[in-house]
Protein chains: 2
Amino acid sequence: MSNLADRMEEYLKKLLILSPSGYIDIKRKELANKFLCVPSQINYVLGTRFTLDKGYLVESKRGGKGYVRIKKLQLSVENLLSTFLKDIVAGGISDERARGIIQRLYELKYISLRESRLMETALNALKAVEDNTIREELRGLLLRDMLLLLIKF
Amino acid sequence: MSNLADRMEEYLKKLLILSPSGYIDIKRKELANKFLCVPSQINYVLGTRFTLDKGYLVESKRGGKGYVRIKKLQLSVENLLSTFLKDIVAGGISDERARGIIQRLYELKYISLRESRLMETALNALKAVEDNTIREELRGLLLRDMLLLLIKF
DNA sequence: TTACTAAAGGTCAGTAATGGTCAAAGTCTA
DNA sequence: TAGACTTTGACCATTACTGACCTTTAGTAA
């Protein structure tokens, strides 16, 4: 029922959980063979599911003895928040980045699923704002205030 | 008496009753084929028969392996919410009324303190929007989407 | 060293597979 | 027959997947 990309994502995340080192090394071609697809499909999955915003770091090496390494980042909530707040205060913030932040906070159990969805919904509503610049600013404001609030409670 | 839309409604409701999970997943195109109509007819049926007011929630995903999920809600607080929703959809909503709704939901223990604050914070951020009319609209959108979200989770 | 080769992995544009929207046309019904 | 409800179809948006072509690296023969 589910598609290739979803199954591959699930597979890789399972491997990550089982890995004591916190990262996994894979061979692009081997994985493609295992899932009966072209190698570039791996990049699609990595590019859509294992982004930095979602808390993953992907490194790779080409050529002989090449590999793709997927690492799950472990950051403390404090670091996360202060980094993000700095970014935000500096100006606006992209929609993608904002969502990444929310996702991370959820993974860190700092906010509940419902809270994370509420925040995402608030971001969504901003799509209705016509002006690009204003929207970015508003998004920054919104996210900052919500984060500050979460710190308080 | 028995037009396409009615027959399709009946069919889907039958499926829902038979589904242990409380929801069903369908393929828009397949269903259209089964009923010998254009795909958009499915959207018409969903939009007229499976609305929130009637206790249904519809979610979907596009692209390969996409789907349309229809969920039957267990009514209770949902009733209350849909009442609020009707008000909101009618146009914008005042800041006061918005806060009133949030307060009410908190009192009913439908949302936590933290959740209520998050929602209020989101409303606050809108103060930065200059244009009065746009602000009202945006507030309506925002609150509506957040309430819809709460129903889902 | 140098140059060549094989073995990786990366990019990107194109295609396929879905579902969504909206307005116009058709059909019923009070 | 006006207004409400249905149905259709053209056009749009999103997500997944593929393949041709490109870049990098390790190994090795000269």
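Residue numbers start from 1 in every chain, and the chains themselves are labelled A, B, ... in the order their sequence lines are given, proteins ahead of strands.
Put simply, the side chain of A/Thr121 gets close to the backbone of A/Arg117: a donor and an acceptor are under 3.5 Å apart. Side chain of A/Ser19 to main chain of A/Leu16: no donor-acceptor pair is present (N/O by atom type, distance under 3.5 Å, no hydrogens or angles). With hydrogens and angles ignored, the 3.5 Å screen pairs no side-chain donor or acceptor of A/Lys27 with any backbone N or O of A/Lys65.
In this structure, a donor-acceptor pair under 3.5 Å is present between the side chains of B/Asn124 and B/Arg99.
Note on B/Lys61: every side-chain N or O is 4.0 Å or more away from OP1 and OP2 of C/dG20. For D/dT24, the OP1/OP2 oxygens have no side-chain nitrogen or oxygen of A/Arg28 closer than 4.0 Å. Phosphate contact (OP1/OP2 of D/dT6, side-chain N/O of B/Arg49, threshold under 4.0 Å): present.
Spacing between atom CG of B/Leu4 and atom P of D/dG9 amounts to 12 Å, rounded to whole angstrom units. The distance from atom CD1 of B/Ile26 to atom C1' of C/dG20 is 13 Å, rounded to the nearest whole Å. One atom, CD of A/Glu10, and another, P of D/dA16, lie 14 Å apart when rounded to the nearest Å. The OH-C1' distance, from B/Tyr67 to C/dA17, rounds to 15 Å in whole Å. If you take CG of A/Leu31 and P of C/dG10, they are 12 Å apart, rounded to a whole angstrom. Counting to the nearest Å, the C1' atom of C/dG9 and the CG atom of A/Asn33 are 14 Å from each other. At whole-Å resolution of the value, CG in A/Leu46 and P in C/dT11 are 11 Å apart. When rounded to the nearest whole Å, the span between NZ of A/Lys65 and C1' of D/dT28 equals 13 Å.
Nucleic acid contact for B/Gly64: base, since at least one base atom lies under 4.0 Å from a heavy atom of the residue.
The shortest non-hydrogen separation linking A/Gln41 to A/Met8 is CG-CE, 4.3 Å.
In the hydrophobic clustering, B/Leu18 connects to no other residue, as no ILVMFWY side-chain heavy atoms lie under 4.5 Å from its own.
B/Arg62 contributes no side-chain N or O that forms a donor-acceptor pair with the base of D/dT15 under 3.5 Å.
With a 4.5 Å cut-off on side-chain heavy atoms, B/Tyr11 and B/Leu31 count as touching.
Within residues 35-44 of chain A, the residues that place at least one heavy atom under 4.0 Å from DNA chain C are, in residue-number order, A/Ser40, A/Asn43.
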